[in-house]
Participant: 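I have a structure here, written as structure tokens, and I will follow up with some questions on it.
The basis for the numbers below is simple: all heavy atoms, side chains too, and nothing from hydrogens, waters or symmetry mates. Quick caveat, the model's predicted, so the values are computed rather than measured.
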Amino acid sequence: MGSQALQILRQGVWASLTGGWYVDPHQSTFSNCFHLYLWIFLLAFPFLLYMALPPSLVVAGVYSAVVAVFFTAIKVVNYRLHAMFDLGEIVEKKQYDLDHESLQESQENTLMIEEKAKPKQYYRFWVLPWKWLRVRYDRLALLALLDRNRRVGENVFAVVLASLVAFLGFLLLLQGFFRDIWVFQFCLVIASCQYSLLKSVQPDAASPMHGHNWIIVYSRPVYFCLCCVMIWIFDLSGRSGSLQPFSLYGVTFFSAHFLLSVRDMLTVFALCFPVIFLFGLLPQVNTFVMCLLEQIDMHIFGGTATTSPLSSLFSLIRSVLVAALLYGLCLGAINAPWGDAHVPVLFSVFCGLLLALSYHLSRQSSDPTILWSLVRSKLLPELENRTPEEPPLEIKDPLPEKLRNSVKEILHSDLVMCPLMAVITFAISASTVFIALQPALSLVLYTLAGVVGFITHYLLPQLRKQLPWFCLAHPVLRSREYSQFEVRDAAQLMWFEKLYAWLQCVEKYFIYPAVVLNSLTTEARSVGPWNIIILAGMKLLRSSFCAPSQQYVMLCFTTLFFQFDYPRFSETFLIDYYFMSILFSKMWDLLYKLRFVLTYIAPWQITWGSAFHAFAQPFAVPHSAVLFVQAIFSALFSTPLNPVLGSAVFVTSYTRPVKFWERDYNTKRVDHSNTRLATQLDRNPGADDNNLNSIFYEHLTRSLQHSLCGDLLLGRWGNYSTGDCFILASDYLNALVHIIEIGNGLVTFQLRGLEFRGTYCQQREVEAITEGVEEDEGCCCCEPGHLPHMLSFNAAFGQRWLAWEVAATKYVLEGYSISDNNAASMLQVFDLRKILITYYVKSIIYYVSRSSKLEDWLTNETIQEALRPCLGSNYVDSDPTFNLNIDEDYDHRASGITPSSFCMVYLDWIQYCNSRRQTKTLETSYRYSPLVNLCFGLCILGRRALGTASHSMSASLEPFLYGLHALFKGDFRITSPRDEWVFADMDLLNRVVAPGVRMSLKLHQDHFTSPDEYEDPMVLYDAITANEEKMLISHEGDPVWRSAILANMPSLLALRHIMDDGSDEYKIIMLNKRFLSFRVIKVNRECVRGLWAGQQQELVFLRNRNPERGSIQNAKQALRNMINSSCDQPIGYPIYVSPLTTSYAGGHSQLRSVWGGPVSPHNIYTWLQKGCGAGCNSGGNIEDSDCGGGSTSISTNPAIHTTQSTPASSVPQPHITTVQPSMGLLTSLQRTSSIQGLLGQQLSSSQLSFSSSVAQPALPGPERFCPTSLLETTVHRAGQRAGLGQGSGLHYESHFGKWSFSGRKGFNGLAAVEGEGATVQTIRTQVRMPTSRFFYSQRTNCSVIIERAEKSTYPKSVGVRNNY
């Protein structure tokens, strides 16, 4: 502990004060002396020049030139030495030769000599083409001596910065800004900035990463140059008096006294550089640029938060261009003649463009990558096809295309709405209504905004909270899911959610634009600096469109303060409102910081995580005033206020953007696509639970991407603002959602998933946020109880002293329910293993009979030649793998498996599977048929492969599970020469044996629920077929597992091998898609930012490597462990960190039902076409209007239920194909139109009632999901079932399902996907429907019958009837 403290004092504190120099006892004397003399030279050289020579620019030029030459020489030598280590040749000599040469050569022929024993190798450093020096130095020693700059540009930039520091610093010395001791202090600052370019402080107090940070090297010189330039500019401006001062709220800006005061403050700031960098108050350069641009765009132009330095630059340039466009119109409107009841036309045009452009900017994300992707896909489509190589069967990620469609929808809508809003605003402004109705109109608008805002953003959210006002025990306005124990359906849209959405709509698009336009019209001529009108109008309009939740507070305060309390200080309402919006954003930050501090250090709930916490607690009390000053400073500059080592002592960190983290850290899943084959077979990649479980957080991110923005607009998360943090907690998922950007109809967020099996501290905090306080009856130290539906005194008091609150208890999202069963308990006894082997054999037979290559296999000479010995009457396979205990067809008399014993058990199953084939192969009533022989060979091979993987120890459970898991993940090792015939066609393994072992595990699972059901071949065959179509059975390391989850596969099954904490277990993981219920916890955002900053400082700068450090111990009042665990790795340990994801409101179906769809040109054309069709269709029904009158159409009114996570618009159109049945068609049906013609030609996508239903997208490469492709699925089900032997007719297959037209049942529609959360719509057709309505079409000569479903959960049915 003592050595670590000394190391921190040397490398942290002292190095930060000097710019990087410190004495390192672990380095050589040469390195320490070189660093010392180098630092003394950089310090003494400018000081001696200033003291010895008269002040002149020549001296400054000489000083900067010497520094440039000095740095150039050092950088060149350092760069060439590293190049020598990279490319040079090592020369080795004997020890005798080295000693002999070292005595005769002079010391100047050696560049660097170590005091230790001379090495037996050296490098040749070529000084000139004919001259070289012997370098007995290694790379690590050189890195300890000087920092490495890998590129030439970095070296050039470092030399230029060093010269600028020398010139600008000496220029300030010449102008006499420093006297006495401050000259030496300023020279020390210059030396520290220059020294950091040679040997920087690593790690720096502001470094966000472990190890060497090359960006932080340039922080000191860049900040020093900026500070010197600003000092020089303010001094020059203050002395010249060229700037015109102006007064605002009694403060005169840009006067001579003001400019010189700012100059003096910057001078003091420059002298404090060592202390500033010691505490890490200035970020690295790229973070500073991003924060500066983000703050300017947000507070000056009303922009949103940004996600990267590029996006911040893009957003600011976009805002500046719009302001420049409006500048000319505003200037012309102000200079135009104004009458008492007249508004210039040019000013009305300015108002219309201002509103339209502000609306358009509010609808755009700050990240230009999605917009650029859309532009590139339209202008340069050939670049879209140039994608890097991907696994051939990998499913394409639908998210990028979905985001592009959302952006396209917004642009199409703005193409209509922006001109419309501009025209309406122009008309209202030109009508002089804002002038004629004064002053009553202003008062009415302010009152209306305050009342609507109070109801919308205070009263309704409080009534919907779990604990309204921390007094009531239950929410007053409850969702329908609130009283349900288990949610089984999507969240229902409630009346108060509709009211909340409509009030927001009225507030954003009517009230606040009217308030701003009213102020613009009435106060445009009275505003002092008229160009501020553009900035104020843009900011207020964009803020009201994006974040109206806090506008009513600022508006009411501005009205009361400047019109009733202190009207003499008012600078017109528009300017007052503009500056109050900036001030209130800082005041909100200050309020959150003070709440966090008071909650964290409250003495009655403090949790000391270490002895240092107990020691620091009393010392924090006398420094409360300093803490309050720090809180004001941190709120002003948007910096976190972090607890030192998690204690009660708080310090200010450096400024950070809303995104907070400088690095773009995203979780990358480890699977078979990014690991070597040897690693997959031996080390089992992805066996870590955290890596395997991260996919569920990725799926949760996709669900939130679809529904988050709409749910926020419906008020399901309560009030929200930029930078807010929420925790989603369910049975096993605990994720922190960080809202970064809030636009008008879009939200950008980042999700951080915590461990499923968290630490003890995490579990205690999870219990704190999930347990209820309604049953608490305490009041101080007694328990008198509480009033009905009210909280007790202790519960109400405790809830007010938390840094978090419960926003919702039943937030519904689509996800997966996870169930895991111990495979050891299911296969413990031999009888259960025998059942598994039996299903294994039957599954192999099933896939053999279902394969389209069966005829090829039966005629393959290589295969038949290898299997010919099995046809012998005395053939027996006596492999030690086979066992009487687990093989049902084991012949104990022959001590092995014979074809006869095999046929006695499985011949009936072979015959049944062959009978279900569309095309019969051969008669299978005798055991010597080729099909039976092939099945026998494959079943023997499959069981032998299982025994080989189990090391032929089938009697023991652990080897059996090991072998089963090896085969499950596809590790088949064919070691017997008798099985090498399988290599004639690898599909025998990939499409038959591999899926057979996976399907057997599922059948074995089902055996426990219905043991005797699968004895019937028909039931077993249908069960395998259903599992194959509706379920993915795969290893979790297969990339198709991730793709299937992201594609919302209804059910999945896997066998997981868990090796953690000494445990070696096999778990059968079963996933079922369903709706999950989450508790939404809103956390104080300053609490999250402060704890994150504290962890970064403690682990990176202070280098505390204790895994049980006090700062991560549980603190229920602040959720300290959960928040610190969600930091980016390696600071925290989340199992998943999502990329920055943008959610759009257009994808939320329930919000669309409230507000309607986007007003785009395509939708307008569709609506006009509908209206025209309805008007021109005489004598018909209104349902026929989509067809243009007279043509057949299917009603578009069926109740389509879409889940939140799968928008209807994203479903691809099916590729319709027809499959010829094996049996004859009915003659009457042969005369009708083909199914393909009816559906593909006569009905458009907008007319099909099932085209907008939500279905799982077709997954390419179906063999990755199930062993045989869905295209190989036998369409015809022969009449083998009881009562179904009537014969079948027409069959139809598409990506969405199968249709069949049997002789008795008629035209059967899509089979509905069974299971919870299924979204595939069922469309059934029947021939006779006496109560149905039908419409006749002359074009197709058929009728389309519309029938209501019997149950509300089913869609309508469609029937086609022949009319010959």
Side-chain angles (χ1 to χ4, degrees), residues 391-395 672 677 680-681 839-868 870 906 910 913-914 916-922 924 929-946 948-949 966-1002 1021 1024-1025 1027-1029 1032-1035 1038-1041 1259-1275:
L393 299 177
E394 183 80 15
I395 297 175
H672 292 170
L677 180 61
Q680 299 174 25
L681 299 179
Y839 285 139
Y840 180 26
V841 173
K842 289 187 175 182
S843 299
I844 291 176
I845 296 172
Y846 170 86
Y847 287 113
V848 169
S849 64
R850 287 288 298 269
S851 178
S852 59
K853 302 180 69 174
L854 178 58
E855 287 78 5
D856 298 336
W857 294 336
L858 294 179
T859 57
N860 190 301
E861 293 296 335
T862 303
I863 297 177
Q864 296 303 321
E865 183 66 24
L867 294 178
R868 189 167 287 112
C870 300
Y906 299 111
I910 297 174
C913 291
N914 185 56
R916 294 290 292 267
R917 280 182 57 84
Q918 182 179 359
T919 303
K920 301 293 189 304
T921 56
L922 294 170
T924 58
S929 64
L931 177 60
V932 174
N933 196 28
L934 177 63
C935 293
F936 175 76
L938 283 174
C939 294
I940 292 295
L941 181 146
R943 283 183 278 187
R944 198 181 345 258
L946 177 60
T948 302
L967 265 61
F968 193 90
K969 68 179 181 180
D971 183 9
F972 288 88
R973 306 195 180 188
I974 306 301
T975 58
S976 175
R978 288 174 291 177
D979 297 334
E980 292 181 354
W981 60 269
V982 78
F983 297 124
D985 191 345
M986 291 304 298
D987 282 344
L988 289 169
L989 282 177
N990 297 331
R991 309 287 291 273
V992 176
V993 183
V997 69
R998 296 174 180 176
M999 183 60 68
S1000 64
L1001 193 64
K1002 169 59 179 172
Y1021 191 94
I1024 298 177
T1025 304
N1027 292 334
E1028 184 186 14
E1029 295 178 355
L1032 169 68
I1033 307 175
S1034 171
H1035 185 253
D1038 196 332
V1040 77
W1041 176 268
L1259 304 179
E1263 60 272 18
R1264 300 295 300 274
F1265 289 97
C1266 43
T1268 56
S1269 172
L1270 294 180
L1271 297 178
E1272 295 180 5
T1273 303
T1274 304
V1275 183

Participant: Looking at every heavy atom in both Val993 and Gly942, which two are closest together, and how far apart are they?
Facilitator: CG1-CA, 4.0 Å
Participant: Are side-chain heavy atoms of Met999 and Tyr847 found at a separation under 4.5 Å?
Facilitator: yes
Participant: Within the distance-only criterion (no hydrogens, no angle test), does the side chain of Gln864 pair as donor or acceptor with the backbone N or O of Thr859 below 3.5 angstrom?
Facilitator: no
Participant: A side-chain contact here means heavy atoms from C-beta on lying under 4.5 Å apart; do Thr948 and Phe972 qualify?
Facilitator: no
Participant: Under 4.5 Å between any side-chain heavy atoms of Leu854 and Val848, yes or no?
Facilitator: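 A side-chain contact under 4.5 Å exists here.
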Participant: Roughly how far apart are Leu1032 CG and Arg998 CZ, rounded to 0.5 Å?
Facilitator: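 Leu1032 atom CG to Arg998 atom CZ measures 8.5 Å (nearest 0.5 Å).
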Participant: Who pairs with Glu865 by salt bridge (charged side-chain N to carboxylate O under 4.0 Å, His left out), at least two apart in sequence or on another chain?
Facilitator: Arg868
Participant: If we only count heavy atoms from C-beta on, is the Arg978 to Arg944 side-chain gap below 4.5 Å?
Facilitator: yes
Participant: Working to the nearest 0.5 Å, report the span between OG of Ser851 and CZ of Arg917.
Facilitator: 7.5 Å
Participant: What is the distance from atom CG of Leu967 to atom CZ of Arg973, rounded to the nearest 0.5 Å?
Facilitator: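 Answer rounded to 0.5 Å: 10.5 Å.
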Participant: With rounding to the nearest 0.5 Å, note down the distance linking OG1 in Thr862 to CG in Leu867.
Facilitator: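 Output value for this atom pair is 10.5 Å.
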Participant: Taking all non-hydrogen atoms of both residues into account, name the closest pair between Cys939 and Ile845 and its distance.
Facilitator: SG-CG1, 4.0 Å
Participant: Considering non-hydrogen atoms only, spot the tightest contact between Cys913 and Tyr846 and give its length.
Facilitator: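 The pair with the smallest heavy-atom distance is SG-CA, 4.2 Å.
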Participant: Taking 4.0 angstrom as the limit, do Arg850 and Glu1029 come out as a salt bridge?
Facilitator: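 Looking at Arg850 and Glu1029, the cut-off is not met.
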Participant: Nearest 0.5 angstrom please: Asn914 CG to Ser929 OG, how far?
Facilitator: 8.5 Å
Participant: Could you check whether any side-chain heavy atom of Leu938 comes within less than 4.5 Å of a side-chain heavy atom of Leu934, counting everything from C-beta outward?
Facilitator: yes
Participant: Can you find a heavy atom in the side chain of Leu941 that is under 4.5 Å from one in the side chain of Leu988?
Facilitator: no
Participant: Taking side chain to side chain contact (heavy atoms under 4.5 Å, CB included) as the definition, give me every residue that meets it alongside Ala966, ordered by chain and number, with sequence neighbours left out.
Facilitator: Ala949, Asp971
Participant: Nearest 0.5 Å, please: how far is CG in Asn1027 from OG in Ser843?
Facilitator: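 The CG atom of Asn1027 is 9.5 Å from OG of Ser843, to the nearest 0.5 Å.
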Participant: Name all residues meeting the ring pair (Phe, Tyr, Trp, His ring centres under 6.0 Å) criterion together with Phe936; count only those two or more places apart in sequence or in a different chain, and write none if there are none.
Facilitator: Phe902
Participant: Using a 4.5 Å cut-off on heavy atoms from C-beta on, say whether the side chain of Tyr906 contacts that of Lys842.
Facilitator: yes
Participant: Taking C-beta and beyond as the side chain, do Leu946 and Val997 meet within less than 4.5 Å on heavy atoms?
Facilitator: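 Sidechains of Val997 and Leu946: no contact.
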